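The next block holds one structure in the form of structure tokens; read it before the comments.
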There are 2 protein chains.
Amino acid sequence: MTRQARAATLKDVAEAAEVSISTVSRVFSSPGRISPETSRRVREVARRLRFTPNVMARSLITGTSPNIGLVVPDISNPYMTSLLKAAQKVSRLHSTGVFVADTDDSADIERQVCEQLAQQSRGVILCAPRMSTSHIREISRIVPIVLVNRVVDGIPSFSTDSRAAMRELLDDLVDQGHRRIAYLPGPAGSWANKQRARTVVDRARALGIDLVRLDPTTGMHADGVAAAGKVLELDVTAVMAFDDVLAAGLVEGLRRLGRSVPDDVSVTGHDDILSELVHPGLTTVTGQSARIGQLAVARLLDASGSDEAVGVKAVVVRRSSTGRPRSHPA
Amino acid sequence: MTRQARAATLKDVAEAAEVSISTVSRVFSSPGRISPETSRRVREVARRLRFTPNVMARSLITGTSPNIGLVVPDISNPYMTSLLKAAQKVSRLHSTGVFVADTDDSADIERQVCEQLAQQSRGVILCAPRMSTSHIREISRIVPIVLVNRVVDGIPSFSTDSRAAMRELLDDLVDQGHRRIAYLPGPAGSWANKQRARTVVDRARALGIDLVRLDPTTGMHADGVAAAGKVLELDVTAVMAFDDVLAAGLVEGLRRLGRSVPDDVSVTGHDDILSELVHPGLTTVTGQSARIGQLAVARLLDASGSDEAVGVKAVVVRRSSTGRPRSHPA
DNA sequence: ATAATCTGTGCAAACCTTTGCCAAAGGATG
DNA sequence: CATCCTTTGGCAAAGGTTTGCACAGATTAT
């Protein structure tokens, strides 16, 4: 690792262009203020010297920084990957760097990481499904935050609003003849999990069908696999899973027990993120993670936005993991 | 987004503790220099005032920054996700932030992003399989870099060394009776792809069996699906894919054509990263991405490391996507 | 006793930028 | 010709930290 050459500073440019430091600074930061002629000359010199303004010095004096943070419980979840990718793309267009912090779902780490990021970021996109509301408020005092898939009063947020889509999914299943359906929950304390469970339970009650709630899981693929036995035991013909990861696990678990999807059991997911990898293709609901990533960055970069909670409508994607139950052939 | 309160500075602490600014600074940065008594008092005050040193100011004067960058062509590839997760974990232990930049495999963006990151990072972990060597050298003049899965003379790097493992995989296939095997390549210009192709071709020649090389792909799942037709046409009994993503695609493509794995065709992957999601479980080779992530961060954080290229040995993972060909029943 | 050495602390410069304020020059207006 | 305004550019302070140097007091050696 060779020592990098010292970068050119405003001073170097000023000397070479025979103007004062402030003039050079203004050429870049307040365009109208300097005559076209001077401006041209300065830019020319700056280019020749490969001058780029020192981010640290600028941040120090302006009190802001050209970065944002993304704090997530588990970056290996494809939903987050997709969100990150989109967030990063928008940020790049604004010459804004993106810090990523994976907290392994630990509240301590979340706090620690947010503090660390606070100084170097304009704000952080916080995805913390299980964190307590008070903890979130506390963090929002340290650094501006935008929440993802979580609604807290007075803090801007973007969430997938899949309520309508999940009702539609449930209606579909009922139309196909399913009368006894299970919900396979995600992580116990997760805000989104509560939302989804409630939506499904309410709809089932309205439709007058049986909906059984399986035991809470940690949201891992293995939990889905493990849930297969219980599913068969409960004698349901369809399972709506918290997300695609669990759904994929369940499909695998059922297969291991010699059952097939959708012939023996129909399975639905959430997020539409594993669609291409599993077989049969999952009937699911779009998670809109990319869109949410975009919006969150835009909100963070534009301080004038409101603090409201915006929901991004999910839509149903019908694939081949759902079908008529054996008891109701077409 | 409410305005954040002004953070306490060295000056605030110094006044409250009735010592000079430099004393406070030294309490934190050069421990031995200050008497235990003063040190204790200062720390006490600092804690009470919730003082945290201003990163920008510190970086400005020391000329280093507490961050590193990770530049990858596509963060949605699980190999990278896993590397990122590991890198991030190690970094956190060193209170080091991690910038992530997804370049969509564009050389322009790579360059741009590295320049942007240069000022705010101690160095960057660069994963750029297709970038030209000269371009890489150029970037290494702007900012210290560590390469991943790519070897360039004079630049430190960490790569999965799967040559022995891939030979073992091929030997396995031959032992099982396969005599005509295909290699499904990854992205055309990729350094790792060349390595793997060469390793397999050489070994096949040594063993005296047929090895046919399929057309280059872009490395997407869809390419794997699309390759299925060609595979059947070529009449091979086994396919070694560049990575798990392609392998999974191929399995899916074969299924769509009514063939089963491994009964009709055996398939192997690389990276061991999709193992749990696809069926049948992929016989593959560990990509060691987490290990490489760790090592790369450690190398970047410890300037005393050497510039050598280190290979991390991969190991074979036997699952159920390989087996005896129809023509050679057990 | 004095000189030499250590220890603990403070002063002030430096890092590089942004920006409020001021001055000079030139033009327009009366 | 005096006054005022506009345009352009410079000066210097500020932002929070690190660190070389100096200095005072205490401790040890001579």
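Please read all numbers here as calculations on a predicted model, not as lab measurements. Letters go in sequence order (proteins before strands), and every chain restarts at 1.
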**Report entry** Which residue lies more 5' along DNA chain C, comparing B:Ile34 with A:Ser29 via nearest heavy atoms
**Finding:**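 Checking each residue's closest nucleotide, the 5'-ward one belongs to B:Ile34.
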Report task. Between A:Ser22 and B:Thr38, name the one whose nearest nucleotide on DNA chain C is closer to the 5' end. Result ->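 Looking at the nearest nucleotide for each, B:Thr38 comes out on the 5' side.
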Taking only the side-chain heavy atoms of [X] (C-beta and beyond), determine which of [options] contains the nearest atom.
| X | options | result |
| --- | --- | --- |
| A:Phe51 | D:dC11, C:dT17, C:dC11 | C:dT17 |
| A:Ile21 | D:dG10, C:dC16, C:dT18 | C:dT18 |
| A:Ser20 | D:dC11, D:dT18, C:dT18 | D:dC11 |
| A:Ala57 | C:dG20, C:dT17, D:dT17 | C:dT17 |

Requested in this report: Just say parallel, tilted or perpendicular for the rings of B:Phe99 and A:Phe99, cut-offs at 30° and 60°.
Outcome: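 Correct class here is parallel.
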What is the distance, rounded to the nearest whole Å, between atom [atom1] of [X] and atom [atom2] of [N]?
| X | N | atom1 | atom2 | value |
| --- | --- | --- | --- | --- |
| A:Met56 | D:dG16 | CE | P | 16 Å |
| A:Ile61 | C:dT18 | CD1 | P | 8 Å |
| B:Arg33 | D:dG20 | CZ | C1' | 10 Å |
| A:Gln119 | D:dT17 | CD | C1' | 11 Å |
| B:Arg26 | D:dC21 | CZ | P | 13 Å |
| A:Asn54 | D:dG16 | CG | C1' | 14 Å |
| A:Leu10 | C:dT17 | CG | P | 4 Å |
| B:Phe28 | D:dT18 | CZ | P | 10 Å |

Report task. Measure from the side-chain N and O atoms of B:Gln288 to the backbone N and O of B:Lys313, and report whether any donor-acceptor pair falls under 3.5 Å. Result ->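 Answer holds: yes.
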Query raised in the report: DNA chain D: A:Leu60 or A:Glu18, which has the more 5' nearest nucleotide?
Result: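 Its nucleotide being nearer the 5' end, the pick is A:Glu18.
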Query raised in the report: Is the count of non-hydrogen atoms from other residues, nucleotides or ligands lying under 6.0 Å from B:Arg137 atom CZ greater than 12?
Result: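 More than 12 heavy atoms, drawn from other residues, nucleotides or ligands, come within 6.0 Å of this atom.
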Taking only the side-chain nitrogens and oxygens of [X], find out if one of them lies under 4.0 Å from OP1 or OP2 of [N].
| X | N | result |
| --- | --- | --- |
| A:Thr23 | D:dG10 | yes |
| A:Thr62 | C:dT18 | no |
| B:Ser25 | D:dT19 | no |
| A:Ser35 | D:dG9 | yes |

Requested in this report: Apply the test side-chain contact (heavy atoms from CB on, under 4.5 Å) to residues B:Lys89 and A:Asp104: give CA-CA distance (whole Å), side-chain angles for both, the deciding distance (0.1 Å), then the verdict.
Outcome: CA-CA 9 Å; B:Lys89 189 165 191 170; A:Asp104 278 328; 4.0 Å; yes
Query raised in the report: Any salt bridge between B:Glu44 and B:Arg40, counting N to O under 4.0 Å?
Result: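 So B:Glu44 does not pair with B:Arg40 through a salt bridge.
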Report task. Select base, sugar-phosphate, or nothing to describe what B:Ser30 touches, counting heavy atoms under 4.0 Å on all strands. Result ->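 No contact at all - B:Ser30 keeps every heavy atom at 4.0 Å or more from the nucleic acid.
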